Structures are given as structure tokens and as C-alpha cells.
Amino acid sequence: MKNHLLKEIVFEFLPAAPFRLDFTVWALRRRPSNAVDQWDGKFYNRLLIVADRSVKITVQQLNTKGIPKLSVVLKSEKELTVEIIKEARELLEKMLGLKTDLKLFYKLAKADKILKPLAKVFIGVKPPRFPTLFEALLNSIACQQVTLTLGILLLNRLAVTFGAKLIDGQTVIYAFPSPEDLADIPAEDIKKLGFSRQKVKAIKVLSNAIINKEIPLLKELEEMTSEQAVEHLLKIHGIGRWSAEYVLLRGLGKTGTFPGDDVGAQKNLMLLMNLKERPNYDQIKKLTAEWQPYSGLVYFHLLLDKLQKKNLI
């Protein structure tokens, strides 16, 4: 494997306390097979496209007690300018929720007998987000009506086949593909990766819509109410109610959203509250109303609880 001389910069970051990198990364990556958001138990690695260059970000938590501190390493084949470093830092802050203050959530959890033990076990997890609207939407498309494990496998194949890559020593890391990476790819080439024709069409339509600016920008959607954002998202080909709420939470950072159609989340909530049957959409909205505006954060806690029971955390 050919080695490349990479430009490198190292800096430290102090996230809002409390913070746990491992919990937050697991809430972001969801499955150990995730090849885009990589975690080896100590280091979080991710290849991001910042401006016109591929930048590998490596994050390590230096301590878990007291004031949390992170070590961040940026690597790229091209020069790491002040602007590139600033943008990479902002993306990292968003993806890992590094500035999110959750004091009010912990106050709410402390007074809730159901939520209190869950919040105590996973104290420090922040609400993670995908770095772009495109990635959030494409994740929702890939994971529709299939298991999460299969959805992530399909996304891995997209990244390895069509995403940018960076060689660091003896390892290769792949970026999540951009709209430009996929817009001109023949539909059959995407279908060969295991996507249905319907999902291939949705991916192609989405890629071109993002490039042609036919969809509101991420910042514009962030500033809308959840209802307004859902209205815009539902206009996108291939996006239904589950996908829209999934994007609200994981793409726009609206932590008051608990995706009520998420079958896995329904099962997790049923177990948490000792319900006899899996709650439906309307029942979930009622059950999670008292946790607002943090029902989406509870969603992440339930995911972590399930992963921990599988001995993955």
C-alpha cells in the first residue's frame, strides 16, 4: 500500500460537561459494522470532506472524570488552512454535540423514576448528528423497511465504492459519498450494491435535488419548527413520516423528536416502561410527552441500553 505524506495538526477541545465520547460515538454509529464512523474503543475516526479536501478526524477522550478534555488530530493530503481547521472543528462540534448543555435534561431525569436509572448509566452521552442533510436523508432512505444492520451494510458499500478515500499509513478510510459522487452514477451500479430499484431512484433524485438546491438548506431547516421542517422533508421523493422524523433528530438536532414509527425504538420503549404490547405512533407521542423537549435524547439512551445488553458497549 502506497504511503502518503499527510499534513497534520493537533489541538485539544473542552466539551460541555458531562461528556462521554464512547457513548456519543455509539449513538452516532449504531452498529459495530459501521465503516464510516469508526470506533476502536479508544479512538473515533471519520473522513470528512471539508471544502475541497478530504480531512481525517481522530478524536480521543483524555479523561472521563472532572472536566472532560478531548485530543483532536486532523490529517489531510492538502494544506490544513485556518479556514479548513475552523470548518472541521465546527463539524465535529455538531456531530458529537460537544457544546450541548444538558443540565435541564438531567434535572428532568432525576425526578423521573423510569428515566433516572437510564440517565445515570449513560451520563455524558450527547445528541449526535450527521454532518450534512444529505447524509441524514440518505441514511433514512437506506434504512427504510430493512434491518438497521442491513441498512448500514448498504451505506458501507456506497462509501467504499463511491466515496472519497484517504490512506494513512497502512489503513484506508472512506468518506460518506457526496451528492456529486452519486448524481451521475448509473442507477444499475448502485443497484448492484443491494439497493432496491425504488431506493436507487430515491438516491438519484435526492442527489440531484441537493445539487440543484431544490431542497431547503440545512441551516434553513434548523431554524424552522419541527412541523415546518417535516412539511418540507415530506416533499422529497422517498421520504415518509419515519424518515422525516429520523432526519429531524439525527440531521437537524431537534431533540424533542422521538421517531414514533421506529420499530426498534417502539420495542425499546415497551421494555423500559414494562408495557404488554409494543406502542404505536400515537401512544408513543403520549408516553414521551412528559420528557419534552428531550424525548429524542431518551431515544438515544434506549439505543445505548440495547447495545449495552448485547455487550457492544
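The shown structure was predicted, so the numbers you read here are calculated from the model rather than taken from an experiment.
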Would you indicate whether the side-chain heavy atoms of [Y] and [X] approach each other to under 4.5 Å?
| X | Y | result |
| --- | --- | --- |
| I141 | I239 | yes |
| V72 | V10 | no |
| L155 | F176 | yes |
| L91 | V55 | no |
| H232 | E220 | no |
| L233 | L137 | yes |
| F130 | S140 | no |
| W39 | N34 | no |

Hey, are [X] and [Y] close enough for a salt bridge, meaning a charged N less than 4.0 Å from a carboxylate O?
| X | Y | value |
| --- | --- | --- |
| R250 | E245 | no |
| E93 | R89 | yes |
| E135 | K94 | no |
| K42 | D40 | no |
| E90 | K86 | yes |

For the pair [X] (side chain) and [Y] (backbone), establish whether a donor and an acceptor sit closer than 3.5 Å, ignoring hydrogens and angles.
| X | Y | result |
| --- | --- | --- |
| R29 | D37 | yes |
| R53 | K78 | no |
| N280 | D282 | yes |
| N208 | K204 | yes |
| K99 | A16 | no |
| K120 | K110 | no |
| Q266 | I284 | no |
| S76 | S54 | yes |
| N63 | K69 | yes |
| K199 | Q144 | yes |

**Prompt:** Does CD belonging to Q60 count more than 12 external heavy atoms closer than 6.0 Å?
**Reply:**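 Atom CD in Q60 is crowded, with more than 12 foreign heavy atoms closer than 6.0 Å.
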
**Item:** Side-chain donor-acceptor contact under 3.5 Å, R30 with N139
**Value:**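 Judged by distance alone, the side chains do pair up.
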
[X] [atom1] to [Y] [atom2] distance, which is reported to the nearest 0.5 Å:
| X | Y | atom1 | atom2 | result |
| --- | --- | --- | --- | --- |
| E223 | L252 | CD | CG | 11.0 Å |
| L217 | I210 | CG | CD1 | 8.5 Å |
| H237 | Q198 | NE2 | CD | 6.5 Å |
| K126 | L21 | NZ | CG | 12.5 Å |
| D52 | I84 | CG | CD1 | 6.0 Å |
| L138 | L182 | CG | CG | 6.5 Å |

Of the non-hydrogen atoms in [X] and [Y], which two are nearest, and what is the gap between them?
| X | Y | value |
| --- | --- | --- |
| L28 | L96 | CD2-CD2, 4.4 Å |
| F195 | A142 | CE2-CB, 4.0 Å |
| A175 | A159 | O-CB, 3.6 Å |
| P216 | L133 | O-CD2, 3.6 Å |
| S71 | L62 | CB-CD2, 3.9 Å |
| A209 | I215 | CB-CD1, 3.7 Å |

Same cluster or not: [X] versus [Y], using hydrophobic residues (I, L, V, M, F, W, Y) connected whenever any side-chain heavy atoms lie under 4.5 Å apart?
| X | Y | result |
| --- | --- | --- |
| L80 | L70 | yes |
| F300 | M270 | yes |
| L234 | I203 | yes |
| L249 | I236 | no |
| I49 | I173 | no |

**Request:** Can you label the angle between the F23 ring and the F122 ring as parallel, tilted or perpendicular, going by 30° and 60°?
**Result:**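 Ring orientation, 0 to 90° scale: perpendicular.
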
**Request:** Show your working on side-chain contact (heavy atoms from CB on, under 4.5 Å) between V59 and R46 and close with a plain yes or no.
**Result:** CA-CA 9 Å; V59 187; R46 170 77 193 235; over 6 Å; no

Only distances under 3.5 Å count here; give the side-chain donor-acceptor pairs of residues 290-299 to other protein atoms, sequence neighbours excluded, each with its distance to 0.1 Å.
residue : atom : partner : partner atom : Å
W291    : NE1  : D112    : OD2          : 2.9
Q292    : OE1  : S295    : OG           : 3.4
Q292    : NE2  : G256    : O            : 3.2
Q292    : NE2  : S295    : OG           : 3.2
S295    : OG   : G256    : O            : 3.1
Y299    : OH   : D262    : OD2          : 2.8

**Request:** State which residue, out of N156, T147, T149, fulfils the side-chain hydrogen bond (donor to acceptor under 3.5 Å, both in side chains) condition with R31.
**Result:**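 That would be T149.
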
**Request:** Walk me through it: do F105 and T255 pass the test side-chain contact (heavy atoms from CB on, under 4.5 Å)?
**Result:** CA-CA 11 Å; F105 167 73; T255 54; over 6 Å; no

**Asked** Are F162 and I190 close enough, and set up right, to give a side-chain contact (heavy atoms from CB on, under 4.5 Å), and what steps lead you there?
**Response** CA-CA 9 Å; F162 303 118; I190 299 177; 4.2 Å; yes

Distance-only check: which donor-acceptor pairs under 3.5 Å involve side-chain atoms of residues 302-311, not counting sequence neighbours?
residue : atom : partner : partner atom : Å
D305    : OD2  : K309    : NZ           : 3.1

**Message:** Could you go through I57 and L74, starting from their C-alpha distance and side-chain angles, then the distance that decides it, and tell me whether this counts as side-chain contact (heavy atoms from CB on, under 4.5 Å)?
**Reply:** CA-CA 5 Å; I57 297 181; L74 305 182; 3.5 Å; yes

